[in-house]
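All values below come from the heavy atoms of this structure, side chains included, with hydrogens, waters and symmetry mates left out.
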Amino acid sequence: MNKEDLVKLVADRTRSTQKDTQTMLVTTLEAIAQALARGERVTIVGFGTFQVRDRAAREGRNPRTGAVLRIPARKTPAFAAGKALRDRVQAGSRKGSHARR
């Protein structure tokens, strides 16, 4: 599913226009991105938590030459699924595995 598919699905289920739904989705994602940029956590109960994690500096290798290079420390966005989401995905994957047999 991509953003366009998500907008169509939400618009249909909420009986809203796709334009209004797109505006709400973009605004929501922008609010999450801005909070992460400020170093804040965003928790959506029943879904999960978006947060910023620090990645330590490390050594890497150029795959073509094999030369060692230093990869600097950085901050990266991360998502941790909540228990309800994990359980739902697990239940769906069990259901899907039976269908393939």
Side-chain angles (χ1 to χ4, degrees):
M1 175 180 287
N2 60 29
K3 187 165 101 176
E4 183 180 331
D5 297 333
L6 182 60
V7 167
K8 285 179 184 177
L9 178 71
V10 173
D12 287 345
R13 288 190 182 176
T14 61
R15 296 185 178 142
S16 181
T17 66
Q18 287 186 25
K19 183 177 181 182
D20 288 346
T21 303
Q22 168 115 5
T23 300
M24 286 183 269
L25 177 61
V26 168
T27 302
T28 300
L29 296 175
E30 183 60 29
I32 292 169
Q34 287 174 354
L36 292 174
R38 291 189 302 266
E40 298 173 15
R41 293 170 55 125
V42 178
T43 300
I44 302 171
V45 175
F47 188 72
T49 301
F50 297 90
Q51 61 189 343
V52 176
R53 292 194 180 141
D54 291 319
R55 292 198 58 178
R58 63 190 194 280
E59 285 186 355
R61 291 201 179 267
N62 181 321
R64 289 188 182 171
T65 65
V68 175
L69 41 107
R70 180 144 176 82
I71 300 170
R74 65 184 191 150
K75 293 182 181 298
T76 186
F79 175 75
K83 184 178 182 328
L85 179 58
R86 288 193 312 267
D87 291 347
R88 188 166 187 178
V89 168
Q90 185 62 36
S93 68
R94 283 195 300 262
K95 211 186 281 184
S97 65
H98 296 303
R100 284 186 240 137
R101 289 185 181 167

A.B. asks: In Å and rounded to the nearest 0.5 Å, what is the OG1 to CD distance from Thr23 to Gln18?
C.D. replies: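 CD of Gln18 is found 11.5 Å from OG1 of Thr23.
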A.B. asks: With the 4.5 Å side-chain cut-off for hydrophobic clustering, are Leu85 and Val42 part of the same group?
C.D. replies: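 Yes.
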A.B. asks: Drop me the distance from Leu9's CG to Thr14's OG1, to the nearest 0.5 angstrom.
C.D. replies: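 Interatomic distance, Leu9 CG to Thr14 OG1, rounded to 0.5 Å: 9.0 Å.
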A.B. asks: Can you measure from CZ (Arg74) to CZ (Arg55) and round to the nearest 0.5 angstrom?
C.D. replies: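 Answer for the CZ-CZ pair, Arg74 versus Arg55, is 5.0 Å.
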A.B. asks: Shortest non-hydrogen contact from Thr49 to Thr43?
C.D. replies: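 Where Thr49 meets Thr43 most closely, the heavy atoms are OG1-OG1, 3.4 Å.
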A.B. asks: Would you mind reporting whether Lys3 and Val26 have side-chain heavy atoms less than 4.5 Å apart?
C.D. replies: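 Result yes, sub-4.5 Å side-chain heavy-atom pair found.
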A.B. asks: Can you tell me how far the CD1 atom of Ile32 sits from the CD atom of Glu40, to the nearest 0.5 Å?
C.D. replies: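 Output value for this atom pair is 12.0 Å.
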A.B. asks: Work out which heavy atom in Arg70 is nearest to a heavy atom in Ala57; give both atom names and the distance.
C.D. replies: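 Between these two residues, the closest heavy atoms are NH2-CB, 3.3 Å.
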A.B. asks: Does Arg13, at its CZ atom, have more than 12 non-hydrogen atoms belonging to other residues, nucleotides or ligands within less than 6.0 Å?
C.D. replies: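 12 or below, so no.
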A.B. asks: Search all heavy atoms of Leu69 against all heavy atoms of Arg61 and return the closest pair with its distance.
C.D. replies: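 Heavy atoms of Leu69 and Arg61 come nearest at CD2-C, 4.3 Å.
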A.B. asks: Between Arg53 (side chain) and Thr76 (backbone), is there a donor-acceptor pair under 3.5 Å?
C.D. replies: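 No, because the side chain of Arg53 does not come within donor-acceptor range (under 3.5 Å) of the backbone of Thr76.
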A.B. asks: Looking just at side-chain N and O atoms, do Glu30 and Gln34 make a donor-acceptor pair shorter than 3.5 Å?
C.D. replies: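 Distance-only check passes for Glu30 and Gln34.
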A.B. asks: So, for Ile44 and Phe50, which heavy atoms are closest and what is the spacing to 0.1 Å?
C.D. replies: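 Result for this residue pair: CD1-CE1, 4.1 Å.
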A.B. asks: Measure the CE-OG1 distance between Met24 and Thr17 for me, rounded to the nearest 0.5 Å.
C.D. replies: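 Rounded to the nearest 0.5 Å, the CE-OG1 separation comes to 7.0 Å.
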A.B. asks: Which value, rounded to the nearest 0.5 Å, describes the distance between Leu6 atom CG and Met1 atom CE?
C.D. replies: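 Answer rounded to 0.5 Å: 6.0 Å.
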